[in-house]
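A quick write-up on the structure given underneath.
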Amino acid sequence: MFENGQQVTVDISSDAATSQSAGQRFEQIKTLLQKEFGDTAYRSWILPIEAVSCAGGTLSLSVPTRFIRDWVKTHYADRMRSLWTQHFGAIARVEVAVSGKKPDSAAAPAGVAYERPAIANENAAPPAAADDFSVALDPRYTFDNFVTGSSNEFAFAAARKIADNEKVTFNPLFLQGGVGLGKTHLMHAIAHAARANGRKVAYMSAEKFMYDFVRALRFQDTMSFKAKFRSVDVLMIDDIQFICGKDATQEEFFHTFNALIDQGKQIVISADQSPADMDGLEERLRSRLSMGLVAAIHPTTYELRLGILQSKCAQMKRNLPQDVLEFLAAKITSNVRELEGALNRLIAHAELVNRAVTVETAFDLLADILRANDRRTTIEDIQRKVAEHYGIRLSDMHSPRRARPVARPRQLAMYLCKQLTTHSLPEIGRKFGGRDHTTIIHGVRKIEELLATDATLRDDVDTLKRAMAV
Ligand code: ADP
Ligand code: MG
C-alpha cells in the first residue's frame, strides 16, 4: 500500500480509480495503444477489442473474428498486459476470445466488474488514488526476484546503492539495456526499496511524463505539474528514448531534472541506448544525462538464463524437468521477457494435459519463438550434423552421387533445412551443390513420406533436431 503518502502514485486512471469497470479501464489502455501504434493500427486491430472481465490475474478480451484474435494475440497482448499492470495492478495473462459479433457493434459491455487480481499480494499497489501521479509498481519486480550474472551485476549493484543510500552518490543513475533485459524490473525494485525506507518516489514512463505534461499545458496547469514533480525524493523515468525528438517535452524534462538535481534529489532514468548513442536528444540534456553513472545491462548469458528460469519456477511453485530448462536457456537468447513467455506457455500446457513437458513437446509448443531466436542454425550446420550422424563426408552433401547411403542423408538434410531455416528452396538448392529447387522439393517429400512409416528415421530426425537446438 502507499502508506503515509510515502509513495506518490499514479496515473491516467486517477479520476475514477476504484469504481471503474474493466471495460472503462480497458478504454484507457486502448487510448495508450492508439498513441503508441498509430491510428491505422488502432482502427484495424485495437478499436474492435472489447474487455469482458479482469479477474484472477487474467484480463479477458473479445474480438469479432479469429483473424483479429490471432493478430491481437501476437502483436498487442504482451503490451496490453504490461500497460494494464503498470496502470491498474499486476495481471499475469491476457486472453482473447472470438465473440462472433460484427466489428462495428463494438461498444464495451456495461457494468463489467473489476476484481482485484489474485496475483497481487498485500504489498501490491492499490488502484490509482485520486491525486497521485506515478504509476503502480509491479509487486513481483523486487531485488529478491532479480537474478544476477556477469551481464547485469553492475547495474544491479548500482540500483541497490541508490535504493539503500539516503545520500546521493551518483546522479542520475542511467540504466541502459535492450528490450526485455530487466530495466523496468530494476527500476520498480529501486522504487519498492526506497519507499520502504520512507522516501517519496515517483515512477513513470517517459510517455506518461509527456502525456501529463501535454495535458498540463492544455489545462494551463503547468504550475502544479512542476510542483508535484519537485516534491519527490526520487524521480524515476522509464524508457526515456520516448521523448527523443519531442522538443517541448525535453525542455520541460530538462528543467524538472535540473531543479531536482539542485535540490539533491535522486533521479533514475532508463533507456534502450546510452545517452551518447540516442538520436534526437538535445545536447544539453544529453550531457546532463551522462553526468551521473551510466550502467549497462548486457545481453544475458546461458547461465543467467538458466538461473532466471529456475528462479521463476520456484516463484510459481512449478517444476519443469532440468533438460527442458536447459533447452530453453540454450535456445531463447533474445530477451528475458520472451524466455518467461516460453516458460509460462510450457507450464500452462503441462497443467492442461496433466503431463510432464519433454524437450520434444517443448520443441513443438515453442516453434514460433524458437524460429525467431534461431539465427544460428545454418544450412552448413545442418549438413555437418547430418553427415556426422550418418558417417558420410561433408562433401557428399554437394556431390552428384546418387547411391542411397549418401542420397538419403542428403535428402534428410534438405528436409531439415526446409524445416529449421528460413532459406528459400532455390537457396537451399544452391548449397547442395547447385541442385534445382525441384530436387529439394522431391527430397523433402521423400523424407515426409518415409517419416510416416519409418520409426528409426523419426528417431534420427528427433536426435538431429535436438543436436541442432543447442
Ligand atoms: P525492460 O524494461 O528492460 O524491457 P523488463 O524489466 O520489463 O525489461 O523485463 C522483462 C521481464 O523479464 C520481466 O518480467 C522481468 O521480471 C524479467 N527479467 C528481466 N531480467 C531479469 C532478471 N535478471 N531476473 C529475473 N527476471 C528478470
Ligand atoms: Mg521496460
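Order of listing sets the numbers, starting from 1, for every ligand and every atom in it. Position 1 is the first residue of the sequence; numbering continues from there.
Of the protein's non-hydrogen atoms, the one nearest atom 14 (O) of ligand 1 is Glu340 OE1, 2.6 Å. Remark: minimum distance from atom 13 (C) of ligand 1 to any protein heavy atom is reached at Tyr141 OH, 3.4 Å. Shortest contact from atom 8 (O) of ligand 1 to any protein heavy atom: Gly182 N, 3.1 Å. In terms of protein heavy-atom proximity, atom 4 (O) of ligand 1 is closest to Gly180 N, 2.7 Å. When hydrogens are left out, the protein atom nearest atom 6 (O) of ligand 1 is His185 N, 2.8 Å; that is the closest non-hydrogen contact. Here the heavy atom of the protein found nearest to atom 18 (N) of ligand 1 is Val336 CG1, 3.2 Å. Protein heavy atom at the shortest distance from atom 7 (O) of ligand 1 is Arg337 NH2, 2.8 Å.
In terms of N/O distances under 3.5 Å, ligand 1 is not approached by Leu304. Looking at ligand 1, you won't find any N or O of Ile308 less than 3.5 Å from one of its N or O atoms. Residue Thr148 places no N or O, backbone or side chain, under 3.5 Å from any N or O of ligand 1. The N/O atoms of Phe146, backbone and side chain alike, include none that comes under 3.5 Å of an N/O atom in ligand 1.
For the pair Lys246 and Phe242, the distance from NZ or CZ to the six-membered ring centre is under 6.0 Å and the angle to the ring normal is within 45 degrees. For the pair Arg284 and Phe254, the distance from NZ or CZ to the six-membered ring centre is under 6.0 Å and the angle to the ring normal is within 45 degrees.
In this structure, a donor-acceptor pair under 3.5 Å is absent between the side chains of Lys183 and Gln176. Side-chain atoms of Gln28 and Gln24 form no donor-acceptor pair, as typed in the model, at a separation below 3.5 Å. Between the side chains of Asp364 and Thr361, not a single donor N or O lies within less than 3.5 Å of an accepting N or O. Residues Ser270 and Asp238 bring a donor and an acceptor atom of their side chains to less than 3.5 Å of each other. In summary, the side chains of Tyr203 and His188 do present a donor paired with an acceptor at a separation below 3.5 Å, with no hydrogens or angles considered. No hydrogens or angles considered: nothing links the side chains of Gln266 and Asp233 as a donor-acceptor pair under 3.5 Å.
The closest approach between a heavy atom of Gly178 and any atom of ligand 1 is below 4.0 Å. Residue contact check for ligand 1: Gly177 places no non-hydrogen atom closer than 4.0 Å to it.
The aromatic rings of Phe363 and Phe327 are tilted relative to each other, their planes meeting at an angle between 30° and 60°. Between Phe156 and Phe143, the ring planes are perpendicular. Angles over 60° get that label, and only those under 30° would be called parallel.
Between Leu289 and Leu285, some side-chain heavy-atom pair lies under the 4.5 Å cut-off.
Near Asn152, with a cut-off below 4.0 Å to any heavy atom, the atoms of ligand 1 are 23 (N). Numbered from 1 in the order shown, with element, the atoms of ligand 1 that lie under 4.0 Å from a heavy atom of Leu181 read 1 (P), 3 (O), 8 (O), 19 (C), 20 (N). Listed by atom number, the atoms of ligand 1 under 4.0 Å from Lys312 heavy atoms are 16 (O), 17 (C), 25 (C), 26 (N).
Comparing Asp238, Val147, Val179 by heavy-atom distance to atom 23 (N) of ligand 1, the nearest is Val147. Heavy-atom proximity to atom 25 (C) of ligand 1, evaluated over Asn145, Asp239, Leu339, is greatest for Asn145.
The Mg ion (ligand 2) has no N, O or S atom of Ser82 inside 2.8 Å of it.
Counting heavy atoms closer than 4.0 Å to ligand 1, residue Arg140 contributes nothing at all.
Around atom NZ of Lys418, no more than 12 heavy atoms belonging to other residues, nucleotides or ligands sit under 6.0 Å away.
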